[in-house]
Amino acid sequence: MQIEIYADIVCPWCYLGKRRLEAALADSPFASDAVLRWRAFQLDPDAPREGQPLLGWLGRRHGGLERARAAMAQVTRTAAAEGLSFDFERAIITNTFNAHRLLWFADQPEAVFFGAGADTQPELVEALHRAHFSDGLDIGSRDVLVCLAAEAGLDEERVWQLLSTNEATADVRGQLARAHDLGITSVPTFIFAGTYAVTGAQEIRSMRSVLDEVIRRERLAPTVSTLIPQQRTAPAPDDDTRVA
């Protein structure tokens with residue numbers, strides 16, 4: 001079963017949703033059959049290309065530094081309950097377009113010739129989230145992206161070539177456009193078997209129920225359209241698409 005995940009690297013709820021999906025899959029007998037594929041979504045396409053401290057940036061936009069710090073403290077507590085460590089005092093806000101280009105490349109057949117394996121894209125997603133939320137790294141920096149890619153086993157020279165040109169720009173814009181065409185306005189959005197969409201960082205129990213229902217339906221109707229004629233959505237937690 002393929003699970004497409006529309007998400008942004010700097011979205012805390014996307015990181016939380018990823019962790020909860022993984023926990024739900026861990027208890028599923030079909031876990032080995034699940035193929036996770038990340039698709040691009042940008043919370044703020046106009047985010048600065050040059051990295052800057054997240055809290056200061058949020059404070060200027062949303063009523064002051066202390067208000068931003070309080071909002072992030074609540075998110076940090078929620079993440080900690082799932083075993084995630086967020087350090088917003090160190091976090092850097094930056095534009096995520098190049099990170100999405102890297103994730104797109106890791107999912108391409110060509111990437112196999114440059115060190116990619118079946119788990120490379122999910123590993124990069126985890127590394128990018130951790131770099132942003134825990135390590136205070138600028139994930140808009142080519143140097144940082146190349147380093148993370150190399151740690152995931154990708155060829156440094158090939159990744160540097162990718163990020164030094166306009167390669168994959170049209171492809172990522174195509175993913176962003178497809179998200180818009182599908183009516184995706186909040187992330188994370190999980191699309192199961194090309195048909196069933198669930199939005200938000202759902203609780204693990206809810207995710208397990210979704211997986212069970214999709215498996216039940218797909219076993220009854222194994223031939224599925226690759227398009228999405230209708231979205232099945234579940235309520236999303238408040239502010240699940242916001243950095244603040």
Side-chain angles (χ1 to χ4, degrees), residues 5-26 36 38 40-48 50-100 103 122-141 144-145 147-148 151-152 184-190 198-208 234-244:
I5 305 166
Y6 282 85
D8 200 3
I9 297 302
V10 295
C11 168
W13 298 105
C14 293
Y15 197 6
L16 187 61
K18 172 183 177 295
R19 185 55 55 90
R20 288 174 173 174
L21 173 64
E22 290 168 344
L25 282 169
L36 277 56
W38 269 262
F41 189 97
Q42 284 195 285
L43 294 176
D44 185 358
D46 298 320
E50 297 295 327
Q52 52 186 274
L54 173 63
L55 287 178
W57 182 79
L58 287 174
R60 291 191 294 273
R61 290 164 58 107
H62 300 292
L65 180 61
E66 291 310 312
R67 183 174 179 181
R69 186 172 279 127
M72 293 303 97
Q74 180 178 357
V75 176
T76 299
R77 288 190 294 271
T78 302
E82 304 291 343
L84 297 176
S85 176
F86 287 2
D87 186 350
F88 287 107
E89 295 292 337
R90 300 174 63 195
I92 302 294
I93 186 63
T94 190
N95 196 288
T96 58
F97 192 86
N98 282 340
H100 286 301
L103 291 176
E123 288 175 3
L124 270 175
V125 172
E126 178 69 24
L128 286 163
H129 277 313
R130 187 171 58 250
H132 175 70
F133 288 106
S134 302
D135 299 338
L137 297 178
D138 179 0
I139 60 168
S141 162
V144 170
L145 292 175
C147 181
L148 294 175
E151 289 175 358
I184 296 173
T185 58
S186 62
V187 287
T189 290
F190 306 91
V198 174
T199 299
Q202 302 296 318
E203 297 291 340
I204 295 172
R205 180 179 298 178
S206 297
M207 273 296 188
R208 287 181 186 138
D238 291 342
D239 297 328
D240 71 331
T241 64
R242 299 292 184 263
V243 178

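Everything numeric here is computed off the predicted structure, so don't read it as measured data.
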Is a side-chain N or O of [X] found less than 3.5 angstrom from the main chain of [Y], in a donor-acceptor match?
X: Thr199; Y: Thr189; result: no
X: Arg90; Y: Asp135; result: yes
X: His62; Y: Arg67; result: no
X: Asn95; Y: Pro45; result: yes
X: His100; Y: Ala40; result: no

Rounded distance (nearest 0.5 Å) linking atom [atom1] of [X] with atom [atom2] of [Y]:
X: Ile204; Y: Met207; atom1: CD1; atom2: CE; value: 10.0 Å
X: Asp44; Y: Asp8; atom1: CG; atom2: CG; value: 9.0 Å
X: Leu54; Y: His132; atom1: CG; atom2: NE2; value: 5.5 Å
X: Phe190; Y: Cys14; atom1: CZ; atom2: SG; value: 7.5 Å
X: Thr96; Y: Gln42; atom1: OG1; atom2: CD; value: 4.0 Å

* To do: Show the numbers, then the answer: is there a side chain to side chain contact (heavy atoms under 4.5 Å, CB included) between Leu137 and Ile92?
  => CA-CA 6 Å; Leu137 297 178; Ile92 302 294; over 6 Å; no
* Asked: Can you name the residues that form a salt bridge (charged side-chain N to carboxylate O under 4.0 Å, His left out) with Arg19, not counting sequence neighbours?
  -> Glu22, Glu126
* Start with the C-alpha gap between Trp38 and Tyr6, add the side-chain angles, then the distance that decides, and say whether side chain to side chain contact (heavy atoms under 4.5 Å, CB included) holds. => CA-CA 6 Å; Trp38 269 262; Tyr6 282 85; over 6 Å; no
* Side chain proximity check, Lys18 to Leu36, heavy atoms < 4.5 angstrom -> no
* To do: Report yes if some heavy atom in the side chain of Ile5 is under 4.5 Å from a heavy atom in the side chain of Val125; otherwise report no.
  => no
* Step by step, work out the side chain to side chain contact (heavy atoms under 4.5 Å, CB included) result for Leu128 and Leu145. => CA-CA 8 Å; Leu128 286 163; Leu145 292 175; 3.6 Å; yes
Minimum heavy-atom distance [X]-[Y], with the two atoms named:
X: Gly140; Y: Asn98; answer: O-ND2, 4.3 Å
X: Ile9; Y: His129; answer: O-ND1, 2.9 Å
X: Ile139; Y: Ala99; answer: O-CB, 4.1 Å
X: Phe41; Y: Ile184; answer: CE1-O, 3.6 Å
X: Ala152; Y: Glu123; answer: O-OE1, 4.1 Å

* Asked: Parallel, tilted or perpendicular: which fits the ring planes of Tyr15 and Phe86, with parallel below 30° and perpendicular above 60°?
  -> parallel
* To do: Check the surroundings of atom CZ in Arg69: do more than 12 heavy atoms from other residues, nucleotides or ligands lie under 6.0 Å from it?
  => yes
* Asked: For Glu50, does the CD atom have more than 12 heavy-atom neighbours from other residues, nucleotides or ligands under 6.0 Å away?
  -> no
* Would you say the side chains of Asp138 and Thr94 form a donor-acceptor pair under 3.5 Å? -> yes
* Asked: Strictly by modelled atom types, are Arg208 and Gln202 linked by a side-chain donor-acceptor pair under 3.5 Å?
  -> no
Please output the side-chain donor-acceptor pairs of residues 71-78 that fall under 3.5 Å, not counting sequence neighbours, one pair per line with the distance.
residue	atom	partner	partner atom	Å
Thr76	OG1	Met72	O	2.8
Thr78	OG1	Gln74	O	3.2

* To do: Go through the steps for Arg130 and Asp87 under the test salt bridge (charged side-chain N to carboxylate O under 4.0 Å, His left out), then give the verdict.
  => CA-CA 10 Å; Arg130 187 171 58 250; Asp87 186 350; over 6 Å; no
